[in-house]
Amino acid sequence: MRPTVPYFYGFVVWIGLLLFACPMQAQHGDMLSRKIYLSGMKGSIYELLEKVTQQSGVLFIYDSRIINNEKQVRIKSGERTVRETIYEITQNRNLSLRSVGNHILIQLAPKEASVPAEQTVPLSAPYAVIEGFLVDQQTQEPISFGTVGVHGTSIGTITNQNGEFRLHVPDSLIHSSLQFSHVGYLPQQVAISLVRGHHTTFSLEPKNISIQEVVVRLVNPQRIIKDMLDKWKENYASFPVYFTSFYREGIEKKRICQFIGSCF
């Protein structure tokens, strides 16, 4: 039996949607396989990685002792995946790339090491050590006295004058997020599991806040006093005036209300 026209068109539309959804899923499924286009240019590794961020929207986390941000690199113009772009910019294919959320963690590929039979593997420490630098995303200048803490807890520290910090986080919070903030910058959160045990450079994006302008003008103080004396009869009564007021007061101890009273 030949299929009717409505069923035939429905089948064609379903096949078309399936073919359209497959490349979309492949494009958004893995950030490292996402293709971007970069023009031929020369710049520091940090500047070129920033171009990748602008094209793809991904952020990078890496140890500043592994990748030299100031190293000058030249790349060719063309379309390539994010993975190939990172290898070309860093000029190092012995890197381990892992995407988590909108972050890409760049590490050295682990080396296989043989452990002697008599050697015992030590237990992991009860806390994780997180250290690094906090810098301005645009100028690369260190951010002094920036706040670094575990999101949702009271565990935290501040950066020194060179933007350096070190934080000890209990293993029970290893799956939490590390939050960075400073006045004049947009806050940023990074998973602790990505930066544990690494010396990482973190950057904050400046936030421009426009405030209302303030007009400063010269006023003669003698004129103010003269206007006050001329209008004192309008502002002050020549006979006694009584006012009735009402207020409430409360006493709180250890967040428990002890007394609430009213007075006239």
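On a predicted model such as this, the values are computed, not experimentally measured, just so you know. Side-chain atoms are counted along with the backbone in the values below, which use heavy atoms only and exclude waters and symmetry mates.
- Judged by distance alone, with hydrogens and angles left aside, the side-chain atoms of Tyr46 form a donor-acceptor pair with the main-chain N or O of Gln137 at under 3.5 Å.
- Within the 3.5 Å criterion, the main-chain N or O of Ile36 finds no donor-acceptor partner in the side chain of Thr81.
- Interatomic distance, OG1 of Thr53 versus CG of Leu59, reported as 5.5 Å (0.5 Å rounding).
- The environment of Gln54 atom CD is dense: over 12 non-hydrogen atoms of other residues, nucleotides or ligands sit within 6.0 angstrom.
- Between the side chain of Asn220 and the backbone N or O of Gln222, at least one donor-acceptor pair lies under 3.5 Å.
- With contacts defined as side-chain heavy-atom distances shorter than 4.5 Å, the pair Tyr87/Asn92 does not qualify.
- With values rounded to the nearest 0.5 angstrom, His182 atom NE2 is found 10.5 Å from Asp136 atom CG.
- The structure places CD1 of Ile104 at 12.0 Å from CG of Leu95, a figure rounded to the nearest 0.5 Å.
- Formation of a donor-acceptor pair under 3.5 Å by the Glu47 side chain with backbone atoms of Ser44 is found in this model.
- Side chain of Ser144 to backbone of Gly163: no donor-acceptor contact under 3.5 angstrom is found.
- Looking at Arg217, its side chain never comes within 3.5 Å of a backbone N or O of Val215 through a donor-acceptor pair.
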Report the C-alpha distance between Ile130 and Thr200 in whole Å, list the side-chain angles of each, state the deciding distance to 0.1 Å, and finish with yes or no for side chain to side chain contact (heavy atoms under 4.5 Å, CB included). CA-CA 8 Å; Ile130 302 173; Thr200 313; over 6 Å; no
Is there a side chain to side chain contact (heavy atoms under 4.5 Å, CB included) between Gln91 and Val73 once you walk through the steps? CA-CA 8 Å; Gln91 298 181 347; Val73 179; 3.6 Å; yes
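- For the pair Leu32 and Val58, the minimum side-chain heavy-atom distance is 4.5 Å or more.
- When all heavy atoms are compared, the tightest approach of Ser176 to Val150 is CB-CG1, 3.8 Å.
- Taking the six-membered ring for Trp and the full ring otherwise, His199 and Phe133 have centroids separated by under 6.0 Å.
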Dump the intermediate steps for side chain to side chain contact (heavy atoms under 4.5 Å, CB included) on Leu186 and Leu204, then the final yes or no. CA-CA 6 Å; Leu186 293 173; Leu204 292 181; over 6 Å; no
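- Side chains of Gln55 and Leu38 form a contact here, defined as non-hydrogen atoms less than 4.5 Å apart.
- Side-chain contact check for Val195 versus Val190: some heavy-atom pair is nearer than 4.5 Å.
- Phe165 and Phe202 have tilted rings, their planes meeting at an angle from 30° to 60° on a 0 to 90° scale.
- Atom OH of Tyr37 has more than 12 heavy atoms from other residues, nucleotides or ligands within 6.0 Å.
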Steps toward side chain to side chain contact (heavy atoms under 4.5 Å, CB included) verdict (Met41, Leu48): CA-CA 9 Å; Met41 66 185 74; Leu48 297 181; 3.6 Å; yes
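- For the atom pair Arg80 CZ and Ile75 CD1, the distance stands at 5.5 Å (nearest 0.5 Å).
- In this structure, CD in Gln161 is found 5.0 Å from CZ in Phe145, a value given to the nearest 0.5 Å.
- Within the 4.5 Å cutoff, side-chain heavy atoms of Thr201 are placed close to those of Val135.
- Remark: the Glu205 side chain and the Tyr185 side chain contain no N/O donor-acceptor pair separated by less than 3.5 Å.
- Side chains of Gln188 and Gln179 form no contact here, defined as non-hydrogen atoms less than 4.5 Å apart.
- Under the 4.0 Å criterion applied to side-chain N and carboxylate O atoms, Asp227 and Lys231 are not assigned as salt-bridge partners.
- At a threshold of 4.0 Å, the pair Glu84-Lys35 does not count as salt-bridged, since none of the basic side-chain nitrogens sits closer than that to a carboxylate oxygen.
- For the pair Arg166 and Thr157, the minimum side-chain heavy-atom distance is 4.5 Å or more.
- Leu49 CG to Ile67 CD1: the interatomic distance, rounded to the nearest 0.5 Å, is 6.5 Å.
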